[in-house]
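Accompanying notes for the structure given below.
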Amino acid sequence: MPTREPARPHGRHTPVRAKARRSAADVLAGIGSLIVLVALVGGVPYALLTFVGPPIAPELLDLDLLTSRVGPSTVVAVLVLLVWLAWFQLFVCVVVEVYAGVRRVGMPARVPLSGGTQALANKLVGAVLLLFTAGAMVVPLAKLAPTPAATPVTAVAYSAPIVEKATLDTHKTKKVYVVQPPHGRHHESLWEIAEKCLGDGRRYPEIYRLNQAKEQPDGSRLRMADLIRPGWVLDMPDDARHAHVVPVDQPREQTLREHPGRAPVGQHAGQHADRHADSKTGHAEKKVEAKHRQPDQQQPDRPQATIRQSQTTDLTDYLATASLAAAGLLVVLARRRREQLWRRVFGRRIARPRDDAAQAEVALRLGGDAPGARILDIGLRLLGAELAAQNRTPPTVYGAHLSARTLDLWIHPPDGDAPAPWTAQDGGQVWRLPAHEGRLLEEQAGGAPYPGLVSIGTDAGGRVLIDLEAAQGLINVRGPQTTAALAALAVELATNRWSDRMRITLVGFGEELTAIAPDRIRAVGGLAEVLPELEAMAAPRREVLTGRITGSPRDAHYLLSAVAPTHEEARRLALLARRDTAGYVLAGEVPHATWTLEIGDDGRARIAELGFDVQAQLLPRRHYQALIDLFRTASQVDGEAVSEAEPLVGLHPPAVEIRILGPIEVIGLRPLEEGRLALAAELLVYLATHPGGVHPSVLGGVLWPRGVQDMVRDATIARVAEWLGPEHLHTDEAGRISLGPEVRTDWALFRELVRRSHGDPTARAVLLEKALGLVRGPLLSGRQPGRYAWLAAEDLEYDVAAEVADAAHQLCELRLAHGQPDAAVAAVRAALLLAVDDEGLWRDLLRATHATEDTVRLRAVVEGLTRRAASHPYGGGMAPETEALIEELLPTWRIHVVRESSA
């Protein structure tokens, strides 16, 4: 699947902040830099004027110079002029750097053709400023990396690259661009559009500003620069290529009506067709598109579906984009679900979320970046372990940038000796871990050196994080969405995997967040409640950093306050922050703040002291409440009734079988291209599990949660209809689509066999055995990342896990009652292929194995269960009931476990 290569973060100025306290080396460096600066800025021109004269010598003013022979004096005059020009360039660089350092503007302006000269001026000025101000901000210039070329995006079916119309008078026209349909799961971004139409992806803010808050064809508006949808019509700068040209005074309503995702006239017809589609498929797609253009009254239930989809999208806009927080939340949620399964009773499933809580989980599944979180965690732990082995103190990390290609740490002071596999970039200001190296790293047992790294938002290339401890002072948060920003920080800190022991104190907000991480979060009403405790527990930075990587860590502590401090509280906190290794983030006006995080009305997060300007990571109130409801549901232990199954008419083999109790398979149809099979199979699974019919607009929201063009959705449905055949895909008068009776899932057959077993005691064991024989692995295993997120808002995966486990439990009891322990073991192991976290099944396996009277076999089961509990990705050990049963059946098990672990 084609994807755009993200912009590299080191193409911008790399932020580094000087240490808050000056060392002797800092003083000496500052004095030396001051002497060098005075010599260069004042001494050089004095020496030139004294010994060689002014910049322009009389020889250069002679008009005969161009026609006469050049003598030694003329060559000397030219050389003198070049020296003067070089000095003037240095002087300008020094002025620019002094202005940036004194005013703290973040990134100094770049002087043309002055790369090395400005870098020298930057270092000298930075050292001098540090000499005079303890908190001076220095922003060294990083080498600008060339902007990576975007990977060519393969043209998708039913659309073609946009070309310009005939050139018109630019004073009477304007240009618009229609966001193109996705290819698989690849969606266009503003960066890609700027790269294609403006020649430079970094010009995407121009497109964003032109279109911010403008209404789009689907009724939504552009709120965040990284969230656009296919079919949107974007106003473009006048120099844009590959765009529609329209009259400048044309009403926007007319523009939206006349450009509903179609390419301009004049393109080759062949570009509209899919290379892999035959003529019959193309004809079906045209019929679907024609139907799509009919009035909306033919689709009476579309408005309600559109409302539901827009609500889901609203949750997705924030939760799915918080990729690291989403990954952490999913791990914590899975741990809670595992604990729910410990207490699940026969005949009931664990409680599932509803409404916004369910949609919140859908968003988390869509956006969770588990691979990125793993690289960040393992990469940092490996870094700490390598530094500890070399007896080195970890450097100060002010920020990090995580993209699809690299993990970059911005460090101070610069250090060119980065431990492998990390590499030093930009003169040691950046330590980089390539993503392909990070994916190969094994799990690390070392400590977490930088638990305070937390996302503040995203830029065009990836996620930007700051280390709350690196400020060595107070961090002030300002703006209309302060609490939403604090909530986002709290959630990611509380659930990240790159920290060990952590305490988070929330002041004036977030009491409900204890439902997510009660072991990490506490909430208080005011700063006065915690200040004495914080002052008593302060610890020096060097001691804490060294302890984290050498095995004697202290708890990391972070204070997030939505309550503005009083003058005295701010003073005490500022003094505390200078001598304590912790993070202090405060709302309101904080005069002693080291960094100020400004959250603008446009949703941008800016830290001027570091030169950061990113799309803010926020957790607004509705999304916050949805997460709280989700985790409260995951804490319920009562469970709920399993939904009833629709009985099957017969058990004869179907014409088309969709297998979901294991790897996804579609049996009975001709092979489909691999690139299309995943999407077509997901569409079939959704239809098969919704026998009442589904409207196309609902299907669009399910299969393309971030939005899709109607004609792409309809063409996909048409392609699946042609694949199935008209006898297997039906459309009712209301436009709802359903599968025919000869299309069946193995799950439907499983439920029918179990249902019949209840009414036939003589054949019960045989029917249950046949049902369990359908189980081949985890539900829908092998699905691509990001697909089937809709399962979080459905009964399916909750029902499947409960009913498979219950069927195995029934069969196990029957086999044991008839003296067939081996058959009982086989029944339970079949169910464990799918419901491996159901501890009731493991207890059944223990009882059945014990009934075989084979102690060696029983010990093997106990040891396997113990190892699994100790290394489970979601943690939590074993259920108390399981441990008690092991004690009863194998009293010596703990001795063997201790021996094995010590060996």
Side-chain angles (χ1 to χ4, degrees), residues 338-349 639 642 661-662 750 753-754 756-778 800-872 876-900:
R338 185 166 178 248
E339 292 171 359
Q340 282 182 299
L341 284 171
W342 290 358
R343 297 168 176 81
R344 189 187 72 85
V345 298
F346 178 80
R348 295 180 72 81
R349 70 186 186 195
V642 175
L661 300 179
F750 178 96
L753 291 170
V754 172
R756 294 190 180 194
S757 73
H758 296 159
D760 189 352
T762 59
R764 177 173 298 172
V766 174
L767 291 171
L768 289 174
E769 197 167 58
K770 285 186 176 180
L772 289 169
L774 299 173
V775 177
R776 297 168 293 114
V800 168
E803 292 195 44
V804 168
D806 288 348
H809 176 74
Q810 293 179 62
L811 184 55
C812 177
E813 294 291 329
L814 286 172
R815 296 304 191 193
L816 289 177
H818 288 85
Q820 300 172 311
D822 287 327
V825 169
V828 177
R829 288 200 177 277
L832 282 171
L833 291 174
L834 187 144
V836 69
D837 281 334
D838 194 313
E839 293 254 332
L841 283 177
W842 285 102
R843 291 192 286 273
D844 284 340
L845 181 61
L846 288 168
R847 283 188 287 264
T849 307
H850 180 262
T852 65
E853 299 182 353
D854 186 341
T855 305
V856 175
R857 191 175 177 185
L858 177 61
R859 181 172 291 114
V861 172
V862 171
E863 290 174 354
L865 179 57
T866 304
R867 284 194 301 269
R868 183 179 180 278
S871 61
H872 197 284
M878 284 185 285
E881 295 87 343
T882 306
E883 289 196 24
L885 180 60
I886 295 175
E887 291 280 4
E888 176 187 340
L889 302 179
L890 191 68
T892 61
W893 75 283
R894 292 190 187 275
I895 298 175
H896 291 282
V897 169
V898 171
R899 286 179 181 173
E900 186 177 274

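In this text, all values refer to a predicted model and were calculated from it rather than measured experimentally. Atom set for the values below is all heavy atoms of this structure, side chains included, hydrogens, waters and symmetry mates excluded.
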- request: Check V862 against L846 and note the closest heavy-atom contact, atom names and distance.
  value: CG2-CD2, 3.8 Å

- request: Answer yes or no: is there a side-chain heavy-atom contact under 4.5 Å between L816 and P821?
  value: yes

query: Restricting to pairs with a member in residues 844-853, which pass salt bridge (Lys or Arg N to Asp or Glu O under 4.0 Å), not counting sequence neighbours?
result: D844-R847

message: Restricting to side-chain hydrogen bond (donor to acceptor under 3.5 Å, both in side chains), what partner residues turn up for R348, sequence neighbours left out?
response: none

query: What ring-ring contact (aromatic ring centres under 6.0 Å, His included) pairs are there with at least one residue in residues 804-830, not counting sequence neighbours?
result: F346-H809

Heavy-atom closest contact (M878 atom, T866 atom, distance): CE-OG1, 4.4 Å

Side chain to side chain contact (heavy atoms under 4.5 Å, CB included) between F750 and L772, worked out: CA-CA 8 Å; F750 178 96; L772 289 169; 4.3 Å; yes

- prompt: Could you walk me through whether L845 and R829 pass the side chain to side chain contact (heavy atoms under 4.5 Å, CB included) check?
  reply: CA-CA 7 Å; L845 181 61; R829 288 200 177 277; 4.0 Å; yes

- prompt: Who are the side-chain contact (heavy atoms from CB on, under 4.5 Å) partners of A860, not counting sequence neighbours?
  reply: none

query: For E887, what residues pass the side-chain hydrogen bond (donor to acceptor under 3.5 Å, both in side chains) criterion, not counting sequence neighbours?
result: W893, R894

query: Sequence neighbours excluded, which residues qualify as ring pair (Phe, Tyr, Trp, His ring centres under 6.0 Å) partners of H850?
result: none

task: Before giving the answer on side chain to side chain contact (heavy atoms under 4.5 Å, CB included), spell out for L753 and L774 the whole-Å C-alpha distance, their side-chain angles and the decisive distance to 0.1 Å.
output: CA-CA 10 Å; L753 291 170; L774 299 173; 4.2 Å; yes

- line: side-chain contact (heavy atoms from CB on, under 4.5 Å) filter on R343, not counting sequence neighbours, yields E339, V637

message: I'd like to know whether L858 forms a side chain to side chain contact (heavy atoms under 4.5 Å, CB included) with T852, so could you lay out the CA-CA distance, the side-chain angles of the two residues, the decisive distance to 0.1 Å, and finally the verdict.
response: CA-CA 9 Å; L858 177 61; T852 65; over 6 Å; no

query: Would you say V754 and L768 make side-chain contact, with heavy atoms under 4.5 Å?
result: yes

message: Could you report the tightest heavy-atom contact between A805 and A835, atom names first, then the distance?
response: CB-CB, 4.5 Å

query: Which atom pair, heavy atoms only, marks the closest approach of W342 to G877?
result: CZ2-O, 3.6 Å

query: Which distance, rounded to the nearest 0.5 Å, do you find between the CG of L889 and the CZ of R843?
result: 12.0 Å

- request: Taking all non-hydrogen atoms of both residues into account, name the closest pair between A765 and L811 and its distance.
  value: O-CD1, 3.7 Å

Listed partners of E803 passing side-chain hydrogen bond (donor to acceptor under 3.5 Å, both in side chains), at least two apart: R751

query: Which residues satisfy the side-chain contact (heavy atoms from CB on, under 4.5 Å) test with A802, sequence neighbours excluded?
result: R344, R349, V642

message: On a heavy-atom basis, which atom in A848 and which in V825 lie closest, and how many Å separate them?
response: CB-CG2, 3.7 Å

side-chain hydrogen bond (donor to acceptor under 3.5 Å, both in side chains) against S757, all qualifying residues, sequence neighbours excluded: none

- prompt: Excluding sequence neighbours, so at least two apart, what forms side-chain contact (heavy atoms from CB on, under 4.5 Å) with R868?
  reply: R338, V836, D837, W842, H872

- request: Could you note down all residue pairs passing side-chain hydrogen bond (donor to acceptor under 3.5 Å, both in side chains) where residues 764-775 supplies at least one of them, sequence neighbours left out?
  value: E769-R815

query: About how many Å separate OG1 of T855 and CG of L890, when rounded to the nearest 0.5 Å?
result: 7.5 Å

